[in-house]
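Before any comments, here is the structure.
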Amino acid sequence: MGESSDVSKVTALHLMGTGKATDFVGMDHTHEASQTRCSQCSSPAQEGFSTPLCVSCRKGLSRRPVPVWIGGAAIVVSALVIYAAIAVPQRLRDITAFENAKSVVHKDPSAATRSFQELYQRYDHSAELGGWFGVASYKSGDGRPLGAFLTRFRGTKVSHELTVEITKILHETDRKGSAS
Amino acid sequence: MIPGYLIALLTFPGVIVHELAHLIFCRLFNVAIYKVVYFQLGTPSGYVEHETPKSAWQSVLISVGPFLINSIVGTVIAFPAAVSVLHFKAGTPLDVFLIWLGTSIAMHAFPSTGDAKCIIAALKRTDTSLLLKALSFPVVGFIYLGSIGSIFWLDLVYGVALVRGATYIASKYFV
């Protein structure tokens, strides 16, 4: 995909391709100059590099300015990284609370209800949380949240695990209804 | 088959972050940069042209820098949104945007074959240690495998796997 004209001698070329394209024709950037003099300003060249550049020219080239739109985009991405990094611990706590609540929905439905309710308030458009909140509430003796869930999220796809729980409850209520 | 320029256009933030990662490592090692193309609708979609670094280690790190930076930045950006969408099935438009951005960045983590050629050039240097050669050899192999794999969308698979994998690991091992 990529190649440079004289990589080992003076330059290296770092190419970003899609991997689906043809080879890039290398660019000829052989910055030839005296081995002891800077190719930019003729000051004494810095030792240890294959390209003859003085300390200040090398520093200037290595810190070449970034275009304004790239700088702006980098600031936006950095801001999003910070926002996301701050959100990570809370999301981890949410996953933990959700999984823990699911595991105690039969043993301690009241505790599960509290956890699901708290999560459902934060993700109020989540059918999954609404459903689990409904299931836990039903098992705690309050069928209204489940009724509200079935009305609000009619036709919405939820996890298999939740579907099984709701189906069991619906069968149970059917049985109770026909028995009475 | 979707043309490469269209994929690059749809995932352009990843290309820009990839080139910025090369740039950051060049700055870190005080390596002169001659030209930078952050994004273009052509082949390659971006590149950084710089002098040969002082040491082979620096060459290798400049080449693999985007793999580290794009993988980390992409995963961090997409993780909270992925939790909402994948775990709670409650994605907002912002979550969808963050997942697109994170996946775009992560899928451009793979070094290109141009990067691999820079590593190979560094390995051919007489001052390159045996340790670096031993460590870099499989890296070059992986880069070429990745390049072949990108025909089968391996780069996209990698991006999605990072984002999905992070939420899976979080739910599996943090709970």
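Chain A is the first sequence line, chain B the second, and so forth, proteins listed ahead of strands; every chain is numbered from 1.
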Residue A:Asp94 versus chain B: region with a heavy atom under 4.5 Å: both
Chain B contact via A:Ala85 - which portion, at a heavy-atom distance below 4.5 Å: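 For A:Ala85, the contact with chain B is made by backbone and side chain together.
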Test of understanding: clusters of I, L, V, M, F, W, Y form through side-chain heavy atoms closer than 4.5 Å, transitively. Do [X] and [Y] belong to the same one?
X        : Y        : result
A:Val76  : B:Leu94  : yes
A:Leu119 : A:Ile166 : yes
B:Met107 : B:Val163 : no
B:Trp57  : B:Val60  : yes
B:Phe137 : B:Leu145 : no

Answer yes or no: is there a side-chain heavy-atom contact under 4.5 Å between [X] and [Y]?
X       : Y       : result
A:Phe98 : B:Val83 : no
A:Leu92 : B:Phe79 : yes
B:Pro13 : A:Val77 : no

For A:Glu128 against B:Phe88, the heavy-atom pair lying closest together: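 Nearest pair, atom of A:Glu128 first, then B:Phe88: CB-O, 3.7 Å.
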Nearest non-hydrogen partners of A:Arg64 and B:Tyr34, listed with the distance: NH1-O, 2.9 Å
Plane angle bin for B:Tyr38 and A:Trp69 - parallel if under 30°, tilted between 30 and 60°, otherwise perpendicular: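 Rings of A:Trp69 and B:Tyr38: perpendicular, over 60°.
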Between [X] and chain A, which part of the residue has a heavy atom less than 4.5 Å away: side chain, backbone, both or neither?
X        : answer
B:Phe25  : neither
B:Ala116 : neither
B:Leu28  : neither

Reported [atom1]-to-[atom2] distance for the pair [X] and [Y], which is rounded to 0.5 angstrom:
X        : Y       : atom1 : atom2 : result
A:Ser62  : B:His50 : OG    : NE2   : 12.0 Å
A:Ser126 : B:His87 : OG    : NE2   : 10.0 Å
B:Leu101 : A:Leu80 : CG    : CG    : 6.0 Å
B:Ile77  : A:Tyr83 : CD1   : OH    : 11.5 Å
A:His125 : B:Lys89 : NE2   : NZ    : 13.5 Å
A:Arg63  : B:Leu23 : CZ    : CG    : 10.5 Å

Option that, when pairs with chain B are counted at under 4.5 Å, heavy atom only, ranks first among A:Val81, A:Leu53, A:Thr156: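 Winner by heavy-atom pair count: A:Val81.
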If you count every heavy atom of other residues, nucleotides or ligands that lies below 6.0 Å from [X] atom [atom1], does the total exceed 12?
X        : atom1 : answer
B:Leu130 : CG    : no
A:Phe153 : CZ    : yes
B:Tyr144 : OH    : yes

Exam field: side chain A:Arg58 to backbone B:Val31, donor-acceptor pair closer than 3.5 Å: no
Under 3.5 Å: donor-acceptor pair, side chain of B:Arg27, backbone of A:Lys59: no
Distance-only donor-acceptor check, side chains B:Ser84 and A:Arg91, under 3.5 Å: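 Checked: B:Ser84/A:Arg91 side chains pair up, N/O donor to acceptor below 3.5 Å.
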